[in-house]
Amino acid sequence: MNLFAHFSDLIKAELAVLVQEGVLAVDTDFSRVAVEPPRDVSHGDISTNAAMVLAKAARMKPRDLAQMLAGRLERQADIASVEVAGPGFINIRLSNAFWHKILQIIVKEKRDFGRSNLGRGVRVNVEYVSANPTGPMHVGHCRGAVFGDALANLLEFAGFDVCREYYINDAGAQVDVLARSAYLRYREALGEEIGEVPAGLYPGDYLKPVGVLLKEKFGAALRDKEEAEWLPPVRIIAIDAMMAMIREDLAALNVRHDVFFSERSLISGGNDEIAALIEQLRANDLVYEGRLEPPKGRLPEDWEDREQTLFRATRFGDDTDRPLLKSDGGYTYFASDIAYHADKYARGFARMIDVWGADHGGYVKRMQSAVKAVTNGEGELDVKLCQLVRLLRGGVPVKMSKRSGEFVTLRDVVQEVGRDPVRFMMLYRKNDAPLDFDFAKVTEQSRDNPVFYVQYAHARICSVLHKARDELGADMPCDAALEAAAFAKLADGSELALIKRMAQWPRLVEQAAMHHEPHRIAFFLYDLASDFHGLWNRGKESPDLRFIRADDIKLTVARLAMIGSAASILAAGLDVLGVEAVEEMR
RNA sequence: GGUCCCGUAGCUCAGUAGGAUAGAGCACGAGAUUCCUAAUCUCGGGGUCGCAGGUUCGAAUCCUGCCGGGAUCACCA
């Protein structure tokens, strides 16, 4: 349960009474009434701006209206005290009993606490990675992959019906280059001396096995054929091999997809969806033949002023109209992407999220305008841009040269630092902020490393629970006993602080989901871990605060229930991030 | 030149749908601890939220303009 939503309902019910009593007009707008945690804990547990927002409508001074409301709220069972502060804030303090009630709910719901119905089962399509099937994934793909995967997890946790999708760009010129590169390796496999790989082809060794595969499949049959003849079959096999490799890369990072959607499938099988779509747009006067202004500033060298087939993107908020056909008559990437998004919509996804690299930022407006056009304004596309990741090793940037094919692959990174640290660090930053990824820091086992810090909190709790099992033996409480624990014994300030933090979890999940920002989960987990470690540390100096108290079994049971709940939330949150909640540190 | 993103403590970054005295970690400074449950702990200083206007009860947050950094700019993916 989201306690802020709960009290928001309660406050709005009181406001409704004020409407009945004629204090507020019948048509008063309550949409600006906020019920939130105050920034400063000394202001209480819950704060609302209701009086300030509604003062005008009530023709009262904010503080007077606040007093009136405060008087009513004070009578509520879970509310310990209410005070009016500042310009008219109403600050509410909840009773300890209420927090203990929340804790009991967490104990019962375990890892499901925080799961939300925010999404109400609405279908959402999240597309991420969509790396070209021309080679193994490199570090650059890491962030988007982890981000998209975690976002999908988050939306599921918040009650959306999520489809995770990968768009395979298997129709462009790049896969032809791939096919030619693979063909070269095929000739090599047949014993030919190929020398250095010509510029313009992919030089990586990863194509050698594809060459061998082609030899096994076709023998020498393709050697003396024309390119037009060998290219299509070679392309298919090469793409399949690349996708198999990419799937392994994704598995290594624990990144999942439900659908791998082939771009080529839009035009193959005698059913050209792109052509159909262009005609449909043309019928609606959204496609025309025309000329574009050359870009302002420096003119591209090979610019030629010519007539093109253009989509009226400007009608939907883009800066200029966009070409659908290339000079060679083929479809532009944009054209197939429109058809792809139209296809998503046709499959029942009015809500779409695309995760792209920041270098595609200039593409956002045109895609959003296209989505509006092909969905009659009913589709909604949010594009999340992931900024670059800067790889460092002990503070020194890692050199990468694309020319020599020497780039750090995703697999290298996962092998070196492990899947969990990679994932956590990729999410421990807002997606649109650049990210420094330092191999040295990420693997460090100290409290300075947030991955370790959060995982350690979980492991530490598991360790305490183990110890409790050893020490208490048969007295170790079962689930039913934990649910019925004497929560009222948890009255220390830092214990209540931990419980209050846990109580924020459902609201945080909903906000992270609404904003499509999984990093908020990572930061929350850090704060929760910090609360727990703090409590643990206090137990060092004040034995009274230790979790296991042989002299007070009831208190011990309550504390075990409390830290067990923290472990549940840590585990649930880490699960959203796709990071394992380990039970012990190695 | 256009568009998009960013600008918050010395550094790296959070900052809730517009809320109150703007936070954390690192670094720095001062103490505590050699005990223990597993990899120390506590406290402290530190800010023109890039600049200037605007919107309003109230702005780091929204709007406009400027400054600085990055990405991108017919046809490639």
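Convention: sequence-line order gives letters A, B, ...; per-chain numbering from 1. Computed over heavy atoms, backbone and side chain alike; hydrogens, waters and symmetry mates excluded.
A stacked arrangement is not assigned to A/F89 and the six-membered base ring of B/rG19, the conditions of a centre distance below 5.5 Å and an interplanar angle below 30° not being jointly met.
Within the nucleic acid shown, A/V364 has no heavy atom closer than 4.0 Å to any nucleic acid atom. Residue-level contact check: A/S530 touches neither bases nor backbone, having no heavy atom under 4.0 Å from any strand. Contacts of A/R520 with the nucleic acid, taken as non-hydrogen atoms under 4.0 Å apart, involve only primed sugar atoms and P, OP1 or OP2. Using a 4.0 Å heavy-atom distance criterion, A/R32 is classed as a base contact. Looking at heavy-atom distances under 4.0 Å, A/D328 makes no contact with the nucleic acid at all. Counting non-hydrogen atoms under 4.0 angstrom, A/A459 reaches a base of the nucleic acid. Residue-level contact check: A/E304 touches the bases, meaning some heavy atom is under 4.0 Å from a base atom. Using a 4.0 Å heavy-atom cutoff across all strands shown, A/P62 reaches no nucleic acid atom at all.
The existence of a salt bridge linking A/K344 and A/D354 is confirmed by a sub-4.0 Å separation between a basic side-chain nitrogen and an acidic carboxylate oxygen.
The aromatic rings of A/Y526 and A/Y453 are tilted relative to each other, their planes meeting at an angle between 30° and 60°.
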Could you please spell out the steps behind the salt bridge (charged side-chain N to carboxylate O under 4.0 Å, His left out) verdict for A/R538 and A/D492? CA-CA 11 Å; A/R538 288 193 62 203; A/D492 184 82; 2.9 Å; yes
